[in-house]
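Counting starts at 1 for both ligands and their atoms, in listed order.
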Amino acid sequence: MDDFCLQPNTWIDVDSGALTHNISVLRIASRRAGGDPILCVMVKGNAYGHGLVPTARVLLAAGVHWLAVHDIFEVQTLREAGLTAPIYVVGYLSPAQARAAVRLDARFVLYDGAVLAAAADEALRLGQVARVHVKIETGNNRQGLRHDAALTLCQRVARTPGAVLEGLATHFADIEDTTDHRFANSQLERFRHTVDAIHAELGLTERLLVHASNSAALLLWPDVVGRMARFGIAAYGLWPSKETWLSVCQLGQKPVELRPALTWKTVIAQIHEVPPGEYVGYGRTWRAVRPTRVAVLPIGYYDGYDRGLSNLAKVLIGGVRAPVIGRVAMNMTMVDVTDNAAAEVGREVVLLGEQRTPDGSDGDHVSADEMAAWLGTIHYEVVTRIAERIERRVVG
Ligand SMILES: *Cc1c(COP(=O)(O)O)cnc(C)c1O
């Protein structure tokens, strides 16, 4: 089979220029307090759907210092691809996986003594060190330890040969969902209190790597970043939320310009005419009221094009919108192209992102935000749910 036959029917373009631009503006923002913080970018969730390895490469080339992942398998994938950058694991590791993290030279979040023991043991065996970041619970009640338990674990790390307490972390519960940041501020206060107590208790003269800033915190309070920002969504060109954007404006700052990097594409597989009175798709949820030109797209919920988009979403053909009609099926979706002059078999379709018109001028766009609104969810979920199997092509 020649390569042409292997051309996929759906793929994702990842704009390296947009990623590089975003890192550049976020780096400038992060320096506002005077320092030059470590930029630790989250590439969990298949790099927020952008493709783990290709995106990690672009981010590192753009000046990102560390990568952060959720689990050990992502570390393995990045190392196997030849990436040697520091990697920080933020998710659950079993003791055996913590040993693997040491072998793969990844630092990781810590809240459990058994994980510490296993990692330190492995480190001693290999003549290395296990670098850990103790997670402090400040109000999210998701992962981490409260003040006293965090203190005890830090003391234990300090007494454990083979282990090094490298950092202290917490995570905001309610920063991007609101324009009222009193709760986030209270978390910050609690975090600082525990961080100070740990430094005092351990008699540390040098400050640990203390980090709390996700995208929203970095955009809102660049002076809080300290020595490391640990962010995801903004790197991909998406504002954490409308509330975050509004809050930045309310603080009298000019919002940075972020450029979405992802465009999800497919092609038209078939076009046919449906007479008035006939139905389209499973469950006969859409009925033609006029002679209708229907385009079939080789894309469905298997690809991550959510079934909730049935009769709701719009796609772009020739730079203009065409409505999804009937139910999204496992591998196929129908759109109404009656009024779309550009529609023809083989024509490129944009499911998410922007598309120029055939004459090259600016066309329309479907943002991850808009798709999230159709689905009653957030854009984080929209981009991360795009099937991992779909090829990501770095362009630009
Ligand atoms: C995902 C995640 C982040 C990044 O959050 P964004 O809102 O995408 O910037 C930061 N810290 C932790 C612990 C996370 O899980």
Side-chain angles (χ1 to χ4, degrees), residues 19 22-23 25-27 29-30 37-50 52 55-56 59 64-72 74-75 86-93 106-111 132-145 150 166-178 181 184 187-188 191 209-222 224-245 247-248 255-256 258 260-262 368-369 372 377-385:
L19 291 174
N22 299 332
I23 294 306
V25 297
L26 293 165
R27 184 198 289 117
S30 76
I38 294 173
L39 302 182
C40 172
V41 175
M42 282 287 168
V43 292
K44 65 187 179 189
N46 200 23
Y48 288 52
H50 294 61
L52 177 58
T55 301
L59 291 170
V64 163
H65 308 96
W66 288 26
L67 302 170
V69 298
H70 174 73
D71 73 27
I72 192 68
E74 294 164 312
V75 180
I87 300 178
Y88 172 52
V89 186
V90 303
Y92 167 68
L93 296 175
R107 54 264 292 154
F108 55 88
V109 74
L110 183 75
Y111 47 87
V132 301
H133 295 224
V134 168
K135 183 79 173 276
I136 298 165
E137 176 50 63
T138 58
N140 204 3
N141 284 312
R142 186 174 76 167
Q143 175 201 57
L145 300 174
E166 183 175 56
L168 299 172
T170 197
H171 194 46
F172 291 110
D174 189 24
I175 187 162
E176 59 266 319
D177 295 298
T178 174
H181 297 113
Q187 281 193 270
L188 212 47
F191 184 47
L209 206 49
V210 174
H211 48 101
S213 296
N214 58 4
S215 296
L218 168 58
L219 292 160
L220 285 168
W221 305 324
V224 164
V225 166
R227 281 176 53 207
M228 185 163 103
R230 189 190 71 224
F231 61 99
I233 198 100
Y236 303 99
L238 304 174
W239 274 78
S241 64
K242 288 184 185 67
E243 287 80 0
T244 306
W245 193 89
S247 298
V248 167
V256 295
L258 298 176
L262 182 151
D369 253 339
T377 184
I378 53 174
H379 51 1
Y380 289 78
E381 183 175 0
V382 163
V383 288
T384 55
R385 293 283 290 273

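- Residue Ser215 approaches ligand 1 through these ligand atoms, each under 4.0 Å from one of its heavy atoms: 6 (P), 9 (O).
- Taking the six-membered ring wherever Trp is involved, the centroid distance between the rings of His133 and Phe108 does not fall below 6.0 Å.
- Checked by distance only, ligand 1 and Ile233 come closer than 3.5 Å through their nitrogen or oxygen atoms.
- Residue, atom and distance of the protein heavy atom nearest to atom 10 (C) of ligand 1 are Arg230 O, 3.3 Å.
- Side-chain contact between Pro240 and Tyr380 is present, with at least one heavy-atom pair separated by less than 4.5 Å.
- Across Ala368 and Val382, no two heavy atoms sit closer than the pair O-CG2, 4.0 Å.
- With ligand atoms numbered from 1 in the order given, ligand 1 contributes 1 (C), 4 (C), 5 (O), 6 (P), 8 (O) to contacts under 4.0 Å with heavy atoms of Tyr48.
- Taking a 4.0 Å cut-off on heavy atoms, His211 fails to register as neighbouring ligand 1.
- Between Tyr236 and Leu19, the closest side-chain pair of non-hydrogen atoms falls below 4.5 Å.
- Here is the list of ligand 1 atoms found below 4.0 Å of a heavy atom in Asn214: 5 (O), 9 (O).
- A cation-pi arrangement is not found for Arg230 relative to Trp66, the charged atom failing to lie both closer than 6.0 Å to the ring centre and inside a 45° cone about the ring normal.
- Heavy atoms of His171 found under 4.0 angstrom from ligand 1 belong exclusively to the side chain.
- Inclusion of Lys135 in the set of residues having an N or O under 3.5 Å from an N or O of ligand 1 is not warranted.
- Of the protein's heavy atoms, Tyr380 OH, 2.6 Å lies nearest to atom 7 (O) of ligand 1.
- Counting non-hydrogen atoms of neighbouring residues, nucleotides and ligands closer than 6.0 angstrom, the CZ atom of Arg385 reaches no more than 12 such neighbours.
- In the model, Gln187 has a side-chain atom that pairs as donor or acceptor with a side-chain atom of Thr138 under 3.5 Å.
- Counting heavy atoms closer than 4.0 Å to ligand 1, residue Arg142 contributes side-chain atoms (C-beta onward) but none from N, CA, C or O.
- Proximity of the aromatic rings of Tyr88 and His211 is defined here by a centroid distance below 6.0 angstrom, and this criterion is met.
- Residue-level proximity to ligand 1 for Lys44 is carried by the side chain, the only part with a heavy atom below 4.0 angstrom.
- Numbered from 1 in the order shown, with element, the atoms of ligand 1 that lie under 4.0 Å from a heavy atom of Gly232 read 4 (C), 6 (P), 8 (O), 9 (O).
- Against a heavy-atom cut-off of under 4.0 Å, Phe231 is close to the following atoms of ligand 1: 9 (O).
- Shortest non-hydrogen contact noted between Val69 and Glu74 is CB-OE1, 3.4 Å.
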